[in-house]
Amino acid sequence: MPATHASELTRSQDAELEEAARAVLDDNWLGNSTVPSPGLYPHQWSWDSAFIAIGRSWYDQARAQTELETLFDAQWLNGMVPHIVFNPAVPPGSYFPGPDFYQSHRASAAPKGIATSGITQPPLHAAAALEVYRHAADPPEALAFLERLYPKLVAQHAYLKSCRDPDRCGLAAIVHPWESGLDNSPAWDAALAGMEIPPGALPSYQRFDIVHADPADRPTDAAYDRFVYLVARYRDAGYDDATLLARSPFLVQGPLFNSIWRWSAQALAEIATLVGDDPAPHQADAERIRQAILDQLWDPPRQRFGTRDVRALRRNHEDTILAFSPLLDPELPAPMVAAIVELLGSPCFHPAEAAEHYLVPTYDMCSPGFEPRRYWRGPVWINTDWLLWLGLRQHGVHDLAAELRADILGLVCRSGFREYFHPFGGEGFGASSFAWSAALVIDVLNRDRRP
Ligand code: 2M8
């Protein structure tokens, strides 16, 4: 891989980088889907597959389509797309919690013969499917793919609307930090801290993640106890959504999950037109989600977006990378765009020019809880950078977008396709050969070549 700084990559270094990224995706390909990384994450993950399909869409339409279709083969009857689809060939003891712990067969809505988790992840899939169509070398085949996937995407969105909007305000709530995709983020600390684990209620368990990654970088045991307790509760309630909403001690609405949902609802409207269905209901959904993000998640006195704890009826005041995600809305009002850009450029998220640094840390660097190595509590991740890059571009914030692009490429040139990176110096941590880091680098390189 080229060792030069990314802003100076030549055309042939660009090509070399893309080849290295494709090799990661090839190595992680299992025949029908791609593992995030062979050691730490040996199954199929939901939003990882969406990022991976977007990366592959630029050069391998068939695998991009198969990636998403394999995931939706495991969709539950109620429309929920599970966050993990377990690979039966992976030996027990490779990943915790695995199929034995989730026991998805206990849920009447779970698919027969496919073991999955019982929770979901950000619904990026309609947006990803549309990207696959837009970049397709074989448009008729891509249209047939959209026709196959469309009813499943509609069911996924209907599930979120009918089963995850407890106060009918237009936002989907998550019932587990794992559903956010940013599970160890300080954004969930207050909600988790208020949770009591009754004596004897925590099943005994063994973590395998700390065999593959440095325990100092991963979530703490105390956080894992809460993650495991929440899963055990849902499982023991048969993953019944009404029970979840009524009793879940963790019920939070966040800007990233909902901004992605809005984006996908908009994409679904476009897909509806392509496949000959009525786009209006999806457009209305996108508008409803958009309005709810503005009404419920914007904190006027602080001029910030944040999470809302539906149980405790309070906003969380931690500044995390989630605060920037409403930039994904092309119609975000200009004062909110300006407030986001100001926070992004402040010393809390933008290290001083003098230090060797990479944008964007996932947590406020001025907070005493900032940890530059620990999972989602400070390090830079390629997927959150990529989402912000898209958002900044569409709002015409070209200088910051260019800086982000250079940092995304600079990080992988310096440290390889790692899972996440130190904001100062760019050292890589977590899994190596991490699929979404590779896929999104492919997207960054191609989106500029073929805008
Ligand atoms: C991480 O989450 C899993 C649980 O789902 C874990 O920590 O074991 C997160 O980074 C999540 O966003 C990602 O989808 C998953 C696989 O890459 O790993």
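Just so you know, residue 1 is the first one in the sequence shown, and it goes up from there. In each ligand, atom 1 is the first atom listed, and ligand 1 is the first ligand listed.
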N/O donor-acceptor pairs under 3.5 Å from side chains in residues 379-388, not counting sequence neighbours:
unit_1, atom_1, unit_2, atom_2, d
T384, OG1, W381, O, 3.3
D385, OD1, V360, N, 3.0
W386, NE1, D443, OD2, 2.8

Any side-chain donor-acceptor pair under 3.5 Å between Y234 and S248?
-> yes
If the plane angle is over 60° it's perpendicular, under 30° parallel, otherwise tilted; pick one for Y205 and F96.
-> parallel
Counterpart residues, ring-ring contact (aromatic ring centres under 6.0 Å, His included), relative to W298 (two or more places apart) = F305
Residue pair E356 / Y358, side-chain donor-acceptor N/O under 3.5 Å = yes
Starting from the N and O atoms of ligand 1, find every protein N or O within less than 3.5 Å and list the pair with its distance.
unit_1, atom_1, unit_2, atom_2, d
ligand 1, 2 (O), D183, OD2, 3.2
ligand 1, 5 (O), W45, NE1, 3.0
ligand 1, 5 (O), H83, NE2, 3.0
ligand 1, 7 (O), R218, NH2, 3.1
ligand 1, 7 (O), Y375, OH, 3.2
ligand 1, 8 (O), Y95, OH, 2.6
ligand 1, 10 (O), Y375, OH, 3.0
ligand 1, 10 (O), W376, NE1, 3.4
ligand 1, 12 (O), W47, NE1, 3.0
ligand 1, 12 (O), G181, O, 2.6
ligand 1, 14 (O), W47, NE1, 3.2
ligand 1, 14 (O), D48, OD1, 2.6
ligand 1, 14 (O), Q121, NE2, 3.0
ligand 1, 17 (O), D48, OD2, 2.7
ligand 1, 18 (O), Y375, OH, 3.4

Sorted by chain and residue number, the salt bridge (Lys or Arg N to Asp or Glu O under 4.0 Å) partners of D209 (sequence neighbours excluded) come out as R207, R218
